Amino acid sequence: MRKLVNLKPSRLTALTLGALPFIAVLLLYLVASDLRLEENPRDKLLPAFATMGDTLLRLATEESKRTGEIIFWGDTQASLVRLGIGVGISALIALFFGLAQGSFPLARAKLSPFTTAIAMVPPMALLPVLFIVFGLGEVSKVVLIVIGITPFLIRDLQQRVMELPEEQWIKAQTLGANSWQLITRMVLPQMMPRLIDAVRLSMGSAWLFLIAAEAIAANEGLGYRIFLVRRYMSMDTILPYVAWITVLAIVADQLLRQLNRRAFPWYQR
Amino acid sequence: MSLQLVTEKPAHFLEFKRVGKRYGDQVVLENVNITVEQGEFITMVGASGCGKSTFLKMLSGQETVSSGQCLMQGQPITNEPDVDRGIVFQRYSVFPHLTVIDNVILGLELESSSLTGRLFGKLFGSARKAARQQALELLEQVGLDHAVNKYPHELSGGMQQRLAIAQALIKKPKILLLDEPFGALDPGIRADMHQLILELWQETGTTIFMVTHDLTEGFYLGTRLWVFDKVRNDPDAPNAWGATITYDLPIGLTSKNLHDDIRHDVNLTSRHQDELLVS
């Protein structure tokens, strides 16, 4: 018998092993849900899959009587727009400061301690400030995402720039590059895929800040809906919404990954 | 204040006057007095920590001298890298995000006087076409014409070094610095690279400095061999004495006995330093 650390699964075994936890959780839910519903058919805590399916179908196809919008898609759109704008702005800010701090020792000396300190501020603690300053509209939700993930992105990018081999900096200068050209021809193009990687890593936090902001003040959005129906203990809405958010997160991650692979064939990690 | 007559033609291409380099208490190089003429091919050998790489860095402008003077054509050497001094490192010399041809064209783009060239380091239209043609010719010379559109990670180690050499040569540098350029290559490939670098040197007439760990390589490549070694070793203060150039030999005219002596000296210093590390 070989040691456990040397046992490697075949492709099929790996697939089966990977699927097992999913199946286990589903089965567990099914059994628990059945048991509870058998005891009390009006139980709301663990709704049957059929109930959740009905609710989701209703939310995704019927127009809301109050607003005339289809709730599910309206929520999805509202959340994705906030997320997209927030992450986009963060990436742009990070690109600027990350490149500057990574490339220029003077900029690093000036800004790096500040970025590090800002990164330590818990963004959620600033949320009331944002609501006071920017009101309860869209701006404060976007700003929360920006404040939440930008320091991480800047620091990550600064680190990635500093990881560029010293040899490259010397070589580019012997080829006649000035400081500006070093950035545009050497640093920036090599940082784009790394920025996308960093954005992928920060998406989890971005969702967290989005849902938190929506939970406290919003009129629509995935996070808003979940916290709204919590009052009625509508697990038949909450659980499908959570699953949907997970799906969106996975799709976003895969899209970014594909973008990196397609746009930067030289970049391999 | 030094009084210098600008009209005076410098006596030597490169001149090192009592050059020394120290980091804090640690003396790396001391008392390097030597001159170099244009078109020489100098190989530099010595144990690790004996200042070969430091010397190369002073030549490239990565390091400044602590004492003495480095003059190039009578002027102190610039203290940051520039187009006069091309360089090839053992690794990371080429840009991973550019294809082979773009790696070579880059040098022409960066220094072009057009606005897009100065701002973004890009050439367009006929200028780019001409640059491409020039790069292609050089790539053919180094034997990479079959791989112009590949990325560096798709190339072998030897091919990457060929690319790095072509990339440096397109700028027609006055000095070409080679920092253990073939150290990571297989022996067979290394022999091919020796052939290539000798050909290119004869053709371009550029002055070459090459640091190598491989004594055999140093003993026959080029025109001149410099041995960096410590003259004094004080076991109580190992950092107090720096290394200097202990041998300056014309290549091809030296007896085998002397080579054996040098080999012995260099190995002795290496072991000596290992022992210091352990103790």
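On a predicted model such as this, the values are computed, not experimentally measured, just so you know. A note on names: the letters A, B, ... follow the listed sequences, proteins ahead of strands, and every chain is numbered from 1.
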Strictly less than 4.5 Å between heavy atoms, which residues of residues 177-185 of chain B line up against chain A? Please order them by number.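 Expected list: none.
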Considering only distance and modelled atom types, tabulate donor-acceptor pairs under 3.5 Å from the side chains of residues 9-19 of chain A, sequence neighbours left out.
unit_1: A/Ser10; atom_1: OG; unit_2: A/Thr13; atom_2: N; d: 3.3
unit_1: A/Ser10; atom_1: OG; unit_2: A/Thr13; atom_2: OG1; d: 2.6
unit_1: A/Thr16; atom_1: OG1; unit_2: A/Leu12; atom_2: O; d: 2.6

Separation of B/Ile105 CD1 from A/Leu175 CG (nearest 0.5 Å):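 Rounded to the nearest 0.5 Å, the CG-CD1 separation comes out at 12.5 Å.
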From B/His97 atom NE2 to A/Gln168 atom CD, the distance as rounded to the nearest 0.5 Å: 7.5 Å
Side chain, backbone, both or neither: which part of B/Phe89 has an atom under 4.5 Å from a heavy atom of chain A?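 Answer is side chain: those atoms of B/Phe89 sit under 4.5 Å from chain A.
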Is it the side chain or the backbone of B/Gln167 that comes within 4.5 Å of chain A heavy atoms, both, or neither? both
Looking at A/Trp266, A/Phe264, A/Trp169, which makes the most heavy-atom pairs under 4.5 Å with chain B?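 Of A/Trp266, A/Phe264, A/Trp169, A/Trp266 has the most heavy-atom pairs under 4.5 Å with chain B.
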[X], [atom1] atom: more than 12 neighbouring heavy atoms under 6.0 Å:
{"X": "B/Tyr23", "atom1": "OH", "value": "yes"}
{"X": "B/Arg190", "atom1": "CZ", "value": "yes"}
{"X": "A/Gln77", "atom1": "CD", "value": "no"}
{"X": "A/Arg108", "atom1": "CZ", "value": "yes"}

Donor-acceptor pair, A/Lys171 side chain versus B/Ala164 backbone, under 3.5 Å?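 A pair under 3.5 Å: yes.
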Between A/Gln181 and B/Leu110, is there a donor-acceptor pair closer than 3.5 Å when you use the side chain of the first and the backbone of the second?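 Here the side-chain-to-backbone pair exists.
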Show, in sequence, the C-alpha distance, side-chain angles and deciding distance for B/Lys171 and A/Thr174, and conclude whether the side-chain contact (heavy atoms from CB on, under 4.5 Å) test is met. CA-CA 8 Å; B/Lys171 300 301 288 183; A/Thr174 65; over 6 Å; no
Chain B contact via A/Pro265 - which portion, at a heavy-atom distance below 4.5 Å: both
Walk me through it: do B/Leu98 and A/Arg185 pass the test side-chain contact (heavy atoms from CB on, under 4.5 Å)? CA-CA 10 Å; B/Leu98 297 176; A/Arg185 289 304 315 269; 3.8 Å; yes
